[in-house]
**Student:** 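Could you have a look at this structure, given as C-alpha cells, before my questions?
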Amino acid sequence: RRSRIRGYLQLSSTYGHVHQYAQALSTARAGWSAFPQDRALAVNYALLLAGNGQDKPAVAVLQPFLQSPAHRRSAWLALAEVKERGKHWGGARHALQQAAALSTSNAERAMVQFMRGDLASQRHHYRSAARDLQAALKLDPNNTLALNDLAYLWADHGVHLRQALRAIQQ
C-alpha cells in the first residue's frame, strides 16, 4: 500500500517537473481515487487542481481532512496554499489563522509565519513579508525556508545586503 501511494506521488511529481500537467493531474486523481483517506495524495491532488484553476474541487478534496483532528492543522495549511494559488488572499489568510490556532510548537508556528510571509510577498507587501519571515526565524532560527526567503527579499530590494549575503551563504 505505502509503495503504491509513494509511486503515485513520485509519478505525479515527475510529470509536473517535465511540464506534463495533464498527466500529473491524471496520476494524482488516480492516486487519490485509489486511496482517498491518504492525506499526502489528497493534498497533492488538491494543489494540482488549484494550479489548474479548479479551486472548488481542490477545497472539496481537502474537506474531509479539515474534519479530522489528526489532520486538521496540515489540512488548513494545504487549504491556504490552494487559496493562495487561486489568488484568494482573504481565504488564504483565514486558513493560516486556523492553522496558527492549532500549532503547538515553535516549529509549527514558524511554518505558519513563513507561509504568511510568502503570502505577503506574493501580494507585493514586502515590509509585512519581512516582518513575518523575521518572526518565523525568531521562533525557529534554523528555518531554512524563512532564512532563504528573507535573504532574497532583502537582496531584491537592496536592503540589509551584508545580512542577506550571509544568510544566502548559510
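Excluded from the calculations below are hydrogen atoms, water molecules and symmetry mates; all remaining heavy atoms, backbone and side chain alike, are included. Here, residue 1 is the first one in the sequence, and each next residue gets the next number.
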**Student:** Give, for atom OG of S103 and atom CH2 of W76, the distance between the pair rounded to the nearest 0.5 Å.
**Tutor:** 13.0 Å
**Student:** Please give me the minimum heavy-atom distance between A146 and A136, naming the atom from each residue.
**Tutor:** CB-CB, 3.9 Å
**Student:** Following the transitive rule for hydrophobic clusters with a side-chain heavy-atom cut-off under 4.5 Å over Ile, Leu, Val, Met, Phe, Trp and Tyr, establish whether V59 and Y45 coincide in one cluster.
**Tutor:**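 Each belongs to a different hydrophobic cluster.
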**Student:** W89, M115: one ILVMFWY side-chain cluster at the under-4.5 Å cut-off?
**Tutor:**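 Linked within one cluster.
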**Student:** With side chains defined as the heavy atoms from C-beta onward, is the minimum distance between L133 and F114 less than 4.5 Å?
**Tutor:** yes
**Student:** Consider only side-chain heavy atoms of I, L, V, M, F, W and Y, link residues closer than 4.5 Å, and tell whether L49 and F65 are in one cluster.
**Tutor:** no
**Student:** Identify the two heavy atoms, one from Y8 and one from A34, that lie closest to each other, and give their separation to 0.1 Å.
**Tutor:** OH-CB, 4.1 Å
**Student:** Would a single hydrophobic cluster contain both L145 and L153, if residues Ile, Leu, Val, Met, Phe, Trp and Tyr are joined by side-chain heavy-atom contacts under 4.5 Å?
**Tutor:** yes
**Student:** Return the CG to NE2 distance between L66 and H71, rounded to the nearest 0.5 Å.
**Tutor:** 11.5 Å
**Student:** Will you find, in the side chains of R116 and Q113, an N or O donor that is under 3.5 Å from an N or O acceptor?
**Tutor:**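 Per modelled atom types, R116 and Q113 side chains form a pair under 3.5 Å.
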**Student:** Heavy atoms, side chains only, cut-off 4.5 Å: are R93 and K83 in contact?
**Tutor:**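 Heavy-atom side-chain distance check fails, nothing below 4.5 Å.
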**Student:** Judged by atom type as modelled, is there a donor-acceptor pair below 3.5 Å linking the side chain of R39 to the main-chain atoms of S74?
**Tutor:**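 Not a single qualifying donor-acceptor pair exists.
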**Student:** How long is the span from the NZ atom in K87 to the CD atom in Q122, to the nearest 0.5 Å?
**Tutor:** 6.0 Å
**Student:** Under a 3.5 Å distance rule, please check whether S13 uses its side chain to pair with a backbone N or O of L9 as donor and acceptor.
**Tutor:** no
**Student:** Are the side chains of D38 and R2 in contact, using a 4.5 Å heavy-atom criterion?
**Tutor:** yes
**Student:** Quick one: do L96 and M111 end up in the same hydrophobic cluster if we chain Ile, Leu, Val, Met, Phe, Trp and Tyr together by side-chain heavy atoms under 4.5 Å apart?
**Tutor:**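 Result: yes, single cluster for both.
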**Student:** Between S121 (side chain) and G117 (backbone), is there a donor-acceptor pair under 3.5 Å?
**Tutor:**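 Looks like no, no N/O pair under 3.5 Å.
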**Student:** To the nearest 0.5 Å, what is the distance between CG on L48 and CD on Q54?
**Tutor:** 10.0 Å
**Student:** Between R72 (side chain) and Q67 (backbone), is there a donor-acceptor pair under 3.5 Å?
**Tutor:** yes
**Student:** Can you confirm if the aromatic rings of H17 and Y15 lie within a centre distance of less than 6.0 Å?
**Tutor:** no
**Student:** Any side-chain to backbone donor/acceptor pair from S33 onto R29? Under 3.5 Å, distance only.
**Tutor:** yes
**Student:** Between the main-chain N or O of L47 and the side-chain N or O of R85, is there a donor-acceptor pair closer than 3.5 Å?
**Tutor:** yes
**Student:** Check the side chains of Y126 and H124 for a donor-acceptor pair under 3.5 angstrom, ignoring hydrogens and angles.
**Tutor:**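 The criterion, which ignores hydrogens and geometry beyond distance, is satisfied for Y126 and H124.
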**Student:** Looking at every non-hydrogen atom in both residues, tell me the closest pair between A99 and L77 and how far apart they are.
**Tutor:** CB-CD2, 3.6 Å
**Student:** For a quick test of reading the model, state the closest non-hydrogen atom pair linking A50 to A58 and the distance between them.
**Tutor:** N-CB, 4.0 Å
**Student:** To the nearest 0.5 Å, what is the distance between CG (D149) and CG (D132)?
**Tutor:**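 That separation rounds to 11.5 Å.
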**Student:** If you measure from CG on L79 to CG on D55, what distance do you get to the nearest 0.5 Å?
**Tutor:** 10.0 Å
**Student:** Verify side-chain contact (heavy atoms from CB on, under 4.5 Å) between N148 and Y152, making sure each step is shown before the conclusion.
**Tutor:** CA-CA 6 Å; N148 187 62; Y152 278 100; 3.1 Å; yes
**Student:** How close do V112 and A100 get, heavy atom to heavy atom, and via which atoms?
**Tutor:**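 Reported closest heavy-atom pair: CG1-CB, 3.8 Å.
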**Student:** Could you pull out the closest heavy-atom pair between A110 and L139, with the gap in Å?
**Tutor:**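 Of all heavy-atom pairs spanning A110 and L139, the closest is N-CD1, 3.7 Å.
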**Student:** Does G90 offer a backbone N or O that forms a donor-acceptor pair with the side chain of H94 under 3.5 Å?
**Tutor:**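 The answer is no, because no donor-acceptor pair under 3.5 Å joins these two groups.
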